[in-house]
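Some notes on the structure that comes next.
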Amino acid sequence: MARATGLEVTGLLSSKAQRAGPGWFGVPRSAEGRISLLGGFPEPSSLPREEILECARLALERDGVWALEYGATRGYELLVEQLLVKLRRDQGIAATPEQVLITAGASQALGLLVDALCDPGDVVLSEEPTWMGAVRIFRAAGVEVRPVPLGAQGIELDALAAILRELAAGGRRPKLLYLIPTFQNPTGVTMPLAARRELLALAYEHQLLVIEDDAYYDLRYEGERVPPLRALDDRGHVAYLGTFSKIMAAGMRLGWIVADPALVAAVAGLKPEGGTSPFAGAVAAQFCATGMLLEHVAELRVIYRERRDAMLRALSETMPEGVTWTRPEGGFFIWLTLPPGASAARVAERAAAAGVDVMPGSACSFFSSGDSALRLCYSFATTEQIGEGIARLAEAIREELAA
Ligand SMILES: Cc1ncc(COP(=O)(O)O)c(C=O)c1O
């Protein structure tokens, strides 16, 4: 008997799933023999395995049942408590529990916020280039993104003001502005304090909700701390996103939102699983409460500073004339701009053929535009690999310039 043919499920997909496209099932490990300057992954040997093991033991001994039960929607209680302490101490952000929601990483936080705020066709503003996860989230939401260029001081405020005026004149109100003001992904740029104040003034004038993604705030290697927008905002215009991915372990899949309680409640309503992994939350709470987080962040700053310096040194030793790059004070990324006429996509292909993976800048753009830049990540490769990888990349650029 002939087997019945299966159900054709692709025809059943929602317009959101169709816009998003299928998920990626690859395994995020660098292949043997390759040098990865690609993904913003924490340095593998720095991951605090022993400490997490100890924290898991403590969590289960001290509150075992509740770490293993379904948890409160806001997140594991002790983690919320510890997060409030951390935000006040490190970020200068005063928050109450009602303003907090623990999420499965900052990725979920942004995805849920966009779901809670946006319908297809709504206008949203975002700096560009930006984090490619945000590009995917806005694409899936079907919103109309108005990209705002980014300069050496972060988002260009004149351009932002012009777009806001133009939208207001057309009777359109943007739902939100998304930006990464500190150690931006992909450029590494940080907005100075004065620019932050100006941005908030614009947000107040135009009744604009700002989503501040602060995934890298704790990883500063030099220079003065600049307060997050959320710490400067006294009118509730900033929804603040953060993550334990870069400062504890990405595998914990824990992040957070700090926002107006009504927005937090709306986002929580879109979380079918309820509270994000109480077990991971209980472990993370111990990691914070025992002081391990502060110690670990101090170690990471040393590791990443060395790698950033290795990359900057290799760039200045090997890059041909006309290539420029940013000099980040923290975070994971350097943005490299090629001379006019060179194609970043082709350079990335040539580099890949030479065993070095880098991200073409178009992946960080809403309309896949901008073929003149590459994102280089120094968090994952060792200093030796960084030196070798940049030398091979410089060769790939030379070949592209000669072609
Ligand atoms: C700017 C930015 N936001 C959010 C994320 C996602 O973080 P999480 O691992 O918490 O989902 C990343 C990770 O690469 C990032 O660079």
Side-chain angles (χ1 to χ4, degrees), residues 23-24 26 28 36-44 47 75 79 83 86-87 91 100-115 126-138 140 150 154-155 176-191 210-220 228-230 238-258 267 271 273 276-277 280-281 284 287 293 297 300 304 308 326 328 330-335 357-359 361 363-366 375-380:
W24 181 73
S36 177
L37 309 177
L38 185 66
F41 301 143
E43 203 280 314
L47 292 170
L79 180 61
L83 178 62
K86 186 235 176 301
L87 289 173
Q91 268 84 353
V100 171
L101 186 72
I102 302 293
T103 57
S107 309
Q108 189 194 39
L110 181 62
L112 291 178
L113 266 173
V114 171
D115 277 350
S126 170
E127 58 191 4
E128 179 176 289
T130 189
W131 172 46
M132 58 185 292
V135 173
R136 278 199 302 268
I137 286 168
F138 288 130
L150 188 101
I155 192 166
L176 58 93
L177 164 67
Y178 171 75
L179 80 171
I180 311 162
T182 303
F183 315 138
Q184 204 252 5
N185 181 358
T187 62
V189 162
T190 292
M191 252 184 124
V210 177
I211 298 186
E212 176 179 31
D213 182 341
D214 213 7
Y216 299 94
Y217 181 85
D218 294 293
L219 298 173
R220 174 175 280 283
L229 293 167
R230 174 81 198 185
V238 179
Y240 183 78
L241 310 186
T243 177
F244 285 111
S245 287
K246 318 294 177 178
I247 55 173
M248 187 183 305
M252 304 288 286
R253 302 312 298 128
L254 289 173
W256 63 83
I257 298 174
V258 180
V267 169
K271 249 173 136 280
E273 77 279 24
T276 301
S277 175
F287 195 77
L293 177 70
V297 168
L300 291 179
Y304 292 137
R308 177 204 62 167
T326 53
F332 283 3
F333 310 106
I334 288 174
W335 186 245
D357 296 317
V358 294
M359 183 179 284
C364 311
S365 143
F366 290 100
R375 187 189 80 170
L376 308 178
C377 175
Y378 49 78
S379 65
F380 188 76

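Remember, it's 1-based here, ligands and their atoms both numbered in the order they're listed. What you see is a predicted model; the values in this text were computed from it and never measured. Excluded from the calculations below are hydrogen atoms, water molecules and symmetry mates; all remaining heavy atoms, backbone and side chain alike, are included.
Under the ring pair (Phe, Tyr, Trp, His ring centres under 6.0 Å) test applied with Phe332, the options Phe41, Tyr216, Phe380 reduce to a single match, Tyr216.
In terms of the side-chain hydrogen bond (donor to acceptor under 3.5 Å, both in side chains) criterion, residue partners of Thr243 (sequence neighbours excluded) are, by chain and number, Ser245. Residues passing the salt bridge (Lys or Arg N to Asp or Glu O under 4.0 Å) test with Asp214: none are found, sequence neighbours excluded. Partners of Glu43 according to the side chain to side chain contact (heavy atoms under 4.5 Å, CB included) rule, which considers only residues two or more places apart in sequence or in another chain, are Ser45, Ser46, Ile303, Tyr304, Arg307.
Contacts of ligand 1 (protein heavy-atom distance under 4.0 Å) are Gly105, Ala106, Ser107, Trp131, Ile180, Asn185, Asp213, Ala215, Tyr216, Thr243, Ser245, Lys246, Arg253.
Atom-to-atom distance recorded for Thr103:OG1 and Leu254:CG is 8.0 Å, nearest 0.5 angstrom.
The backbone N or O of Trp335 lies less than 3.5 Å from a partner atom in the side chain of Thr326, making a donor-acceptor pair.
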